[in-house]
Amino acid sequence: MAERDRTAPPDDWTAPEQRMWWLFRAGRTCDLHPSAQGGAPAADPIDGPPWPEERTVRAQAVAELLLNPPPSQPGRVAALKLAGVRISGRLMLSGGVITPYVQMDDCRFDEQLMLQECRAGSIRLVHCLIPRVEAARLQITGDLHLPQCVVPGGIRMTDAQIGTDLMLNQATVRRDRVGRAVAADGLHVGQDVDAELLDVTGEFSLRSARIGGRLSLRGSTLRNPSGRYALNAARVQVEHTLYLTAGWSAADSVGGDTPPPPGMPTRDFVCEGGLRLDDGRFGNAVIITRADFRLADEQQLSLRRIQTPELRFTPGTPPDGMVSLSGARVGKLVDAPESWPAPGRLSLRDFTYDSLTPPADFPLRSRIAWLRAATPEFRPEPYERLAAALRASGEDVEAREVLLARQRRRRESLTVVGRTWGWLQDVTVGYGFRPGRAAVWMAVLWALGAVYFAVEPAPHPADSGYVPHWNPALYALDLLLPVIDLGQDNAWRETGVGQWVATGLILLGWMLATTAAAGASRLLRRGA
């Protein structure tokens, strides 16, 4: 059989397919929009009516161009560039090697796109209707772009490898038969994943994904109210920053913390369903601002055991469900009093952070209430962690207030005797964290004792052979000071009520001295 001439399209190809063939060899765009042919503007590829045959090419013809391409024209680079084209049939590229560049704009696929275990350079599909994308174990050395696409049957990219960027901006994706809209477990992306203004219904799964740059979900809406998670990104590794923030639509918009241009409308990040980042690693920060979390009874905002140099948690309105930071390790915590959910819906068990930098005033009283709301049962570690963070910022007075609040909270779990003794320590010297009170109480007791002994008759001398000069003020001071001997205490013998008063002064003096010494020791050690 004679070999077919590869410098001309097959004879059985339709006119649109032959045109696509010639333009492919020249690396030019095959534009089948009616406006490109001098006709009326084309209907939207997403919502418009069915397209005529003159705008249709078979999936088999597209696959032949990509998998067994004809030679390019001299001086040109062959590339598949389609605009306003309908692809009929199922485009089967699974297991193939695609060497030409692929760009499709405003195209409509009749059936799902099959890219499993395919290898390619870069694939860019913009504003296309694709019933489903099957791309498990896809290997792309360049970019994979799907912005503004509508994929009603979901996207599957498990264990796919993208050399540079993955773009899903302004795409609309719906769930598949098992409830997943985007299944990208084990995904590897060399640089950024931009999924801004994304509209997803179903689970967005990124478990064990590895991203070399940022993961941006600015302005996106994730809905999975009937499932467990709207975003399931357990064990994800992001080398730069995760953005769950407001976003805006602009041709020159860039990711990160760049503010929108003046007058540009923005859209908050919305998560209707659970969000899971358990065991995630983030090289720069996790930014959660202007985010609306709508959680059902069994759904959570779970940040368990995440590790990041910075956690910015200022969603604007507190989540209406459970928020867990159990075991998380954060360098800098940026939050606000209104960031956190109601008492009983926040877990901070084993949560550690090095510093606190709230963007606005966060009163210490509110911070202590934040700890109390997160610990239904008393645990000392959250209070000690907060005190350590305050000391690291040079706020020693506030740190002592937190440790005092820890002692007061601990007192609630003691027996009646323990609570009574704790209350007495609190009133007198603030559990040793306010040693200045001891001096005040000493002065008050000294004055009361001096007045009492001055009014009452002088006691009998302890030694009949030696009668010292009676000094009520010096005698009361000698009783209060537990170690220093001023020569008055043992020189007189009290009886009756005076004996009880003297004993009380001795006991109170010992208690004040020991608690003051404990407080001074804490000050010297810069914390308890």
Side-chain angles (χ1 to χ4, degrees), residues 79 97-105 115 117-128 133 135-149 151 155-171 173 182-198 200 204-220 222 231-258 269 277 279-288 306-310 312:
V97 177
I98 301 175
T99 55
Y101 171 79
V102 180
Q103 171 84 37
M104 299 186 186
D105 299 315
L115 293 170
E117 302 187 29
C118 178
R119 288 181 291 171
S122 290
I123 297 178
R124 294 184 173 91
L125 309 179
V126 181
H127 197 225
C128 295
V133 176
R137 297 174 297 282
L138 170 69
Q139 297 183 35
I140 288 185
T141 58
D143 300 331
L144 175 60
H145 288 186
L146 297 169
Q148 302 178 25
C149 288
V151 189
I155 301 173
R156 182 169 175 250
M157 291 186 292
T158 53
D159 298 313
Q161 297 185 24
I162 313 298
T164 50
D165 296 333
L166 170 63
M167 181 178 289
L168 299 170
N169 292 348
Q170 302 182 54
V173 188
V182 180
D185 297 342
L187 173 71
H188 285 204
V189 179
Q191 296 184 17
D192 298 331
V193 174
D194 287 323
E196 301 179 358
L197 303 174
L198 180 67
V200 171
F204 190 161
S205 184
L206 281 168
R207 293 178 300 178
S208 301
R210 297 181 61 183
I211 299 168
R214 67 173 180 260
L215 171 56
S216 179
L217 287 160
R218 298 187 310 162
S220 294
L222 311 181
L231 175 61
N232 186 358
R235 301 178 301 280
V236 68
Q237 296 185 37
V238 179
E239 295 298 325
H240 196 264
T241 303
L242 168 63
Y243 294 96
L244 304 178
T245 67
W248 69 93
S249 177
D252 57 350
S253 66
V254 294
D257 295 327
T258 305
F269 172 80
L277 298 176
D279 300 294
R281 302 292 184 268
F282 306 90
N284 188 53
V286 175
I287 310 297
I288 303 176
I306 69 167
Q307 296 184 22
T308 177
E310 178 182 345
R312 191 177 307 174

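For this chain, numbers begin at 1 and follow the sequence in order.
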Please report, to 0.1 Å, the donor-acceptor pairs under 3.5 Å made by any side chain of residues 97-105, with sequence neighbours excluded.
unit_1: Tyr101; atom_1: OH; unit_2: Gln103; atom_2: OE1; d: 2.7
unit_1: Tyr101; atom_1: OH; unit_2: Arg124; atom_2: NH1; d: 3.2
unit_1: Gln103; atom_1: NE2; unit_2: Asp105; atom_2: OD1; d: 2.8
unit_1: Gln103; atom_1: NE2; unit_2: Asp105; atom_2: OD2; d: 3.4

Taking C-beta and beyond as the side chain, do [X] and [Y] meet within less than 4.5 Å on heavy atoms?
X: Ile287; Y: Thr241; value: yes
X: Leu187; Y: Leu206; value: yes
X: Phe204; Y: Asn232; value: no

Q. Ion pair present between Arg214 and Asp194, side-chain N to carboxylate O less than 4.0 angstrom?
A.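 So Arg214 pairs with Asp194 through a salt bridge.
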
Working to the nearest 0.5 Å, report the span between [atom1] of [X] and [atom2] of [Y].
X: Ser122; Y: Leu144; atom1: OG; atom2: CG; value: 9.0 Å
X: Leu215; Y: Asp192; atom1: CG; atom2: CG; value: 9.5 Å
X: Ser216; Y: Phe269; atom1: OG; atom2: CZ; value: 10.5 Å
X: Ile140; Y: Thr164; atom1: CD1; atom2: OG1; value: 8.5 Å
X: Ile123; Y: Ile162; atom1: CD1; atom2: CD1; value: 8.5 Å
X: Leu138; Y: Leu115; atom1: CG; atom2: CG; value: 5.5 Å

Q) Given Ile288 and Arg312, is the side-chain contact (heavy atoms from CB on, under 4.5 Å) satisfied, shown in steps? A) CA-CA 6 Å; Ile288 303 176; Arg312 191 177 307 174; over 6 Å; no

Between [X] and [Y], what is the shortest heavy-atom contact and its length?
X: Gly212; Y: Glu239; value: O-CB, 3.2 Å
X: Ala184; Y: Ala209; value: O-CB, 4.2 Å
X: Leu198; Y: Leu217; value: CD2-CD2, 4.5 Å
X: Pro309; Y: Gly283; value: CG-O, 3.3 Å

Q.
I'd like to know if the side chain of Asp185 pairs up with that of Ser205 as donor and acceptor (distance under 3.5 Å, no hydrogens or angles considered).
A.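 There is such a pair (donor and acceptor under 3.5 Å, judged by atom type) between the side chains of Asp185 and Ser205.
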
Q.
Between Thr245 and Arg218, is there a side-chain donor-acceptor contact under 3.5 Å, judged purely by atom types and distance?
A.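 Side chains of Arg218 and Thr245: no pair found under 3.5 Å.
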
Q: Evaluate the side-chain contact (heavy atoms from CB on, under 4.5 Å) criterion for residues Arg235 and Arg207: first the C-alpha distance (whole Å), next the side-chain angles of each, then the deciding distance (0.1 Å), finally the verdict.
A: CA-CA 6 Å; Arg235 301 178 301 280; Arg207 293 178 300 178; 4.0 Å; yes

Q.
Among Met157, His188, His145, Gln191, which residue satisfies the side chain to side chain contact (heavy atoms under 4.5 Å, CB included) criterion with Leu166?
A.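 With Leu166 as partner, Met157, His188, His145, Gln191 yield a single side chain to side chain contact (heavy atoms under 4.5 Å, CB included), made by Met157.
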
**Q.** Worked check of side-chain contact (heavy atoms from CB on, under 4.5 Å) between Trp248 and Leu197
**A.** CA-CA 7 Å; Trp248 69 93; Leu197 303 174; 6.0 Å; no

Q: Can you establish whether the number of heavy atoms outside Arg119 located under 6.0 Å from its atom CZ is more than 12?
A: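 No - once you tally the heavy atoms of other residues, nucleotides and ligands closer than 6.0 Å, there are 12 at most.
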
Q | side-chain hydrogen bond (donor to acceptor under 3.5 Å, both in side chains) partners of Thr308, counting only residues at least two apart | A |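 None.
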
